[in-house]
Amino acid sequence: MLEGLNDKQYEAATHVDGPLLIIAGAGSGKTRVLTQRIAYLIEEQEINPYNIMAITFTNKAAGEMRERVDSIVGFGAESIWVMTFHATCVRILRRYIDHIGYDNSFTIYDTDDMKSVMKGVFKKLQYDPKQIKESTILKEISNAKNELLGSNEFAAENAADFGKRKVVTAYQEYQETLRKNNALDFDDLIRLTVYLFKACPEILESYQKRFRYIMVDEYQDTNTAQFELIRLLAAKHENLCVVGDDDQSIYKFRGANIMNILNFEKVYHDAKVIKLEQNYRSTQCILDAANAVIANNTGRKQKALWTARTDNEPIHFHLYENGREEAAEIVDDICRRKRHGESDFSDCAILYRTNAQSREFEEAFVRENVPYHIVGGINFYARKEIKDLLAYLKTVDNAQDDLCVRRIINVPKRGIGATTITKLQDYADNMDLSFFEACNQAKNIPTLGKAADKVESFALMIRRYRTELSNKGILGLMSEIIENTGYVAEIKASGEEDAEDRIENIDEFLSKIQIYEEEHPEFNLSEFLEEVALVSDIDNMDSEVSRVLLMTIHSAKGLEFSRVYLSGMEDGVFPSYMTINSGKNEDMEEERRLAYVAITRAKDCLNISASRSRMVRGETQYNPVSRFVKEIPKEFLEGELPKTRIREDEIYNDNSRARSFFRENPYTSQPGEQRDNFIPRKVSVKTAEQNNAVSFAQMKKGVPQKSGALEYSVGDRVRHVKFGDGTVRSIEETPRDYQVSVAFDTVGNKIMYAAFAKLMKI
DNA sequence: CGTACTAGTCTTTTT
DNA sequence: GACTAGTACG
């Protein structure tokens, strides 16, 4: 079973009792060690799978580990808890949160919802958004929660601080709103679980007894609340195994405390420490570059990655004139490699510092008609139309959430405007009712006037949906709501450019519901809504289709690619101007760790690029090449320069022109110099559309595209991955794709887009 | 109450 | 440059 592990890995995988810290460098096979250890505990040590827990940060990591564990542990694998921090806490809270005064059917608020709540708080407290920003206060609240400070503790702590008074009051008001809406935000999930454990020792003890062996992945990213959660759970047996890499700690902005990993041995005195330094991913050259960059950081655990690989291609560096050229050349290079058979689209990933940088690439991909996929950005479930529909479901499920009810009360338009909503809210506040309860009593609110009827029928409609849920199911109800309210009809009628896209999103949402219902025959609306609340885009990344992936470096953590294009390597972009301006060394070190993560994503080939000028927020910037590039020793870099010739001083001479300009005046554009080369964005998209017949709407999605004729026609038997076999009833051609209607043998009639459904003729 | 236009903000990263 | 909230007007 443990074959193929190196000495260190073996030592880690066979450690049984007592605390263990595994310092796992990038690409050193830590997931493998973790899963092998689980298998070892079960099969060699005869530990009941029921007593094992593995915690990760992302659903993707959890899913991956689950899969690997399932494949090597035969019987009982399903009783191991393999979950994210958030999912773990939700599971515990759903069961016991009533012990600390919440309702077990709480809802979970995302960033958007938090913002809306804060807006309401500002209104109520009459804060001026120009004086303090909502986001600033939300950040302070989040920081406080990550430090386990509730609104009262926070108030006590800052009682003497006059400057914090507004934040203190806002926090209290915000928390009260959440409680009224029976809602928790992301940070509450962790914080309240810790609170629950401290308030109810018997509950904590039951979990301590159950989880005799605990494993935590990406330990360097834990914040104080998560640290405490783990500490409590592990306190009884101290069979705690944490895996992490201090050099890959990149989530300080989210409250991660790198000291949790650096001080592990101080907290757990008898902890065993194992370092995994052999890298199984990258070439020596890439590792040398990564080692050289990270060596500039202080206060890290010394380690140096090495590999047994002997092939060695240098790192390529390109300096381009502008962002557009950078994107075009990178896409071009990807196509060239593909033509030469050196690599496929799916071997390539483009990484950047900020999401906004994806745009130039997206345009280049559309122009060249190359399949691509952007990871991250706006979460599928955060899209307007999806959130609207979810708000309907949430209202049906549990109308305690005022936010949801208010979101949909006039969507689609029912003639219930802002004034009416304010009156309803006032009434609810005065009578201490929920917003929806106020709607139910619309008739009794004299100030409403004519609007009362409209509100009344809205409330009636929701109550009717409630009674229909049990026999129609989630999908049936959702379809009915869409039909009944005319939601899709309204989008169609709006004539907006992205109408078709939004409808397609809705279709996708419906099929997600369907899949859920198939997997959970005993459908449960609350459960479905919860599952949806905790997924992010990267979780849905399927690697079956061959396409180039684009993502931020943060999203790329934990992934690897044969060819990596690390773009936008300029001071002011990466490291970001925020970091440069803050002047704090610790901030720059975090940024450098991010550079380290970026470099170590590459397996075989790393291409680094920068651009002399770049459009940022509608303004042209001229930034020098990133200091992180300069930290890579010359001998590992090779500059191939397609259109411009690089001057060595632009990389290695600190007194270069660009740099001194940057010092004096970092972000002013120089008029006239580059502008002529720029083709305005909209024009270029139109041109692409005409030349390549790629529709504008396609930009959002990348892949689904009409590919000539379909391989099946009306009357043919076809197979669908989820729905099984069926007969094609009709095929309708739309501008972008074919809409195929199929009568499935088991699940009945379905209408779907051909590109999305991937039907096979049988 | 709904629409059309304007002004201001944003951009560092996300479970 | 893009999105959003706020305002004026029908």
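Note on naming: letters A, B, ... go to the chains in the order of the sequence lines (proteins, then strands), and numbering restarts at 1 for each one.
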Between dT13(B) and dT4(C), how far apart are the C1' atoms? Round to whole Å, please.
22 Å

Compare the minimum distances between each of dG2(B), dG1(C), dT14(B) and the side chain of Met615(A), then state the nucleotide with the smallest one.
dG1(C)

Of the nucleotides dT11(B), dT15(B), dT13(B), which has the atom closest to the Arg254(A) side chain?
dT15(B)

Ring centroid separation Phe253(A) to Tyr251(A) under 6.0 Å
yes

Pair Phe361(A) and Tyr372(A), ring centroids less than 6.0 Å apart
no

Of the candidate nucleotides dT15(B), dC10(B), dA2(C), which contains the atom at the shortest distance from the side chain of Arg617(A)?
dC10(B)

Starting the side chain at C-beta, find the nucleotide from dT11(B), dG2(B), dC10(B) nearest to Lys133(A).
dC10(B)

If you pin Asn410(A) and Leu594(A) to their nearest nucleotides in DNA chain B, which one's is more 5'?
Asn410(A)

Side chain of Thr420(A), heavy atoms from C-beta onward: which of dC1(B), dT14(B), dT3(B) has the nearest atom to it?
dC1(B)

Side chain of His86(A) only, heavy atoms from C-beta on: which candidate in dT15(B), dT11(B), dT13(B) is closest?
dT15(B)

Proximity to the side chain of Thr354(A) - top-ranked nucleotide from dT13(B), dA5(C), dC10(B)
dT13(B)

Taking only the side-chain heavy atoms of Phe253(A) (C-beta and beyond), determine which of dA5(C), dG2(B), dT14(B) contains the nearest atom.
dT14(B)

Name the closest nucleotide to the Thr552(A) side chain, picking from dT15(B), dA5(C), dT13(B).
dT13(B)

